[in-house]
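I have placed the structure first, in the form of structure tokens, so that the comments after it can refer back to it.
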Protein chains: 2
Amino acid sequence: MMQTVLPTFINLPAAKQEKIVAAALAEFADKGYQQASINVMVSSSGIAKGSMYQYFKDKKGIFLYIFDFAISLVRRTLMQVKETTQEADFFTRLEKSLLAGVEFIRQHPRIYGIYLKILFDQHVPQRPQLLKAVRQFAAEYFQSLVRQGLERGEIRADLPGPAATFLLDALFDRFLQATCVPFFDVTLGLDQAPPAEIEHRVKELIDLLRQGLAS
Amino acid sequence: MMQTVLPTFINLPAAKQEKIVAAALAEFADKGYQQASINVMVSSSGIAKGSMYQYFKDKKGIFLYIFDFAISLVRRTLMQVKETTQEADFFTRLEKSLLAGVEFIRQHPRIYGIYLKILFDQHVPQRPQLLKAVRQFAAEYFQSLVRQGLERGEIRADLPGPAATFLLDALFDRFLQATCVPFFDVTLGLDQAPPAEIEHRVKELIDLLRQGLAS
DNA sequence: AATTGATATGACCAAGTGGTCACATGAGGT
DNA sequence: ACCTCATGTGACCACTTGGTCATATCAATT
């Protein structure tokens, strides 16, 4: 994905690499691209500013490396969820997928933070490509679930596939946002909710998807 | 909402006020709060920098004024939609509401742009209050629709109200984002879609809500 | 010990930021 | 014509930014 990491960084001892990645991840997640400060990154990872430019060509290079690191972790995790729920029925798979998303964010809040910061910021380098990569991946995940659900006859045969995918994507992303962005969700109070309540809400929402709203 | 407009601004001729508001709106919508430049605002509205500080206490003051201006326009519009669809059935009301949202964004893209920029930016002044104000308003709108839908027996009596509200909120907000943020929606291709297709997609999604996914 | 080539460093640079202030301008009242 | 007072103005301030570069450090080879 058009990296601009310099070989110097690759040759670094793993521990030092991790410190730098952690610092950059935290800063980008907190401030977004433009507002993130390289001065903060270097001082919080304990290296000199000049060193940073021996590791990466420029700020854009740092960001793209971090983004690549992040998205590959997401991909691996989601693929694993997909495999381990292979046998379950459609709605159970949805449930497990959403819970896995919640757990992923609990473990890697800054990765999701970067995604949220990127979403609506026109001035992020390579934004079209980066955004498309994330969104396409999510859409394909849901498409694949829907396809299998149709094949097994677990969902209506006359279901408009793209619309269903869109709905799932919308609901899931919003649910995840609600669990980790304070003041964002005023109806379910998901942020900092205990796991038991989150599980209950997931079940409730998926039931809603299953049955529909009409009487 | 804790304004910091100075009387000097209020006494300004309306045309000059509008130029300043337009410039600030455009800049905040494009860059978000921190990244927005007062230098750009003053130069694009043709006033001196010093003048800006005779009109507003500081950057925060400008932003809060603009936000207040924006949200009151949203409130008025949504209230009007609510009234004019009073007699329609639940699902028709949903349809009209979503289409009204699309139309509002078409006419005031920068207002929605500010909302999007604020959503995930921890460093916006008064963020908790501002975000809560917007979200609560949307939630109450859907709650009121759901309540009336229940009373009229148009939706299932055993429906969990908060979950339904959450689902509607999620879907609608995502739909609106998809219509105006390029590369965001890869499944329906809503951005820059012709009105006829948007209407079709709205109907399709609301039908999905009505009937559910299950076979 | 001497040499060499890669890596580490932080003072420094130009540019841009939000905000200030001494002064200029103008309208109204005497 | 003179004074007054609200308003307009842009040079200026301290500060931060991303990025550079001459120099120092270090490890390996001769």
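Between A:M41 atom CE and D:dT17 atom C1' the separation is 12 Å, expressed in whole Å. The nearest whole Å value for the distance from the NZ atom in B:K59 to the C1' atom in C:dT20 is 17 Å. Note: CZ (A:F9) to C1' (C:dA6) measures 17 Å, nearest angstrom. As a whole-Å value, the separation of B:I62 CD1 from C:dT17 C1' is 13 Å. If you measure from atom CG of A:N39 to atom P of C:dA15, you get 18 Å, rounded to the nearest angstrom. With rounding to whole Å, B:I47 atom CD1 is found 19 Å from C:dT25 atom P. Nucleotide C:dC21 holds its C1' atom 18 Å from the CE atom of B:M52, rounded to whole Å. Computed from coordinates, the A:Q35 CD to D:dT17 P distance equals 8 Å when rounded to whole Å.
Distances shown here put every side-chain N or O of B:N11 at or beyond 4.0 Å from the OP1 or OP2 atom of D:dA6. Not one side-chain nitrogen or oxygen of A:K16 sits closer than 4.0 Å to the OP1 or OP2 atom of C:dT7. In terms of phosphate contacts, A:Y53 brings no side-chain nitrogen or oxygen within less than 4.0 Å of OP1 or OP2 of C:dT7. Considering only side-chain N and O atoms, A:K49 lies nowhere under 4.0 angstrom from the phosphate OP1 or OP2 of C:dG10.
Geometrically, B:R75 engages B:F137 in a cation-pi contact, judged by NZ or CZ lying under 6.0 Å from the ring centre and within 45° of the ring axis.
Between B:F175 and B:F172, the ring centre distance reaches or exceeds 6.0 Å.
Counting heavy-atom neighbours within 6.0 Å of B:K82 NZ, excluding the residue itself, gives a total above 12.
In terms of position along DNA chain C, the nucleotide closest to A:L12 lies nearer the 5' end than the nucleotide closest to the other residue of the pair B:K60 and A:L12. Comparing A:Q54 and A:A36 along DNA chain D, the residue whose closest nucleotide (by nearest heavy atom) sits nearer the 5' end is A:A36. Mapped onto DNA chain D by nearest heavy atom, A:I38 and B:S51 fall at different nucleotides, with B:S51 at the one closer to the 5' end.
Using a 4.0 Å heavy-atom criterion, one finds that A:Y55 contacts the sugar-phosphate atoms exclusively.
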**OP:** Evaluate side-chain contact (heavy atoms from CB on, under 4.5 Å) for A:E204 paired with B:F166, printing each intermediate quantity in order.
**Re:** CA-CA 11 Å; A:E204 197 176 44; B:F166 186 89; over 6 Å; no
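By the 4.5 Å heavy-atom criterion applied to side chains, B:D68 and B:L64 are not counted as neighbours.
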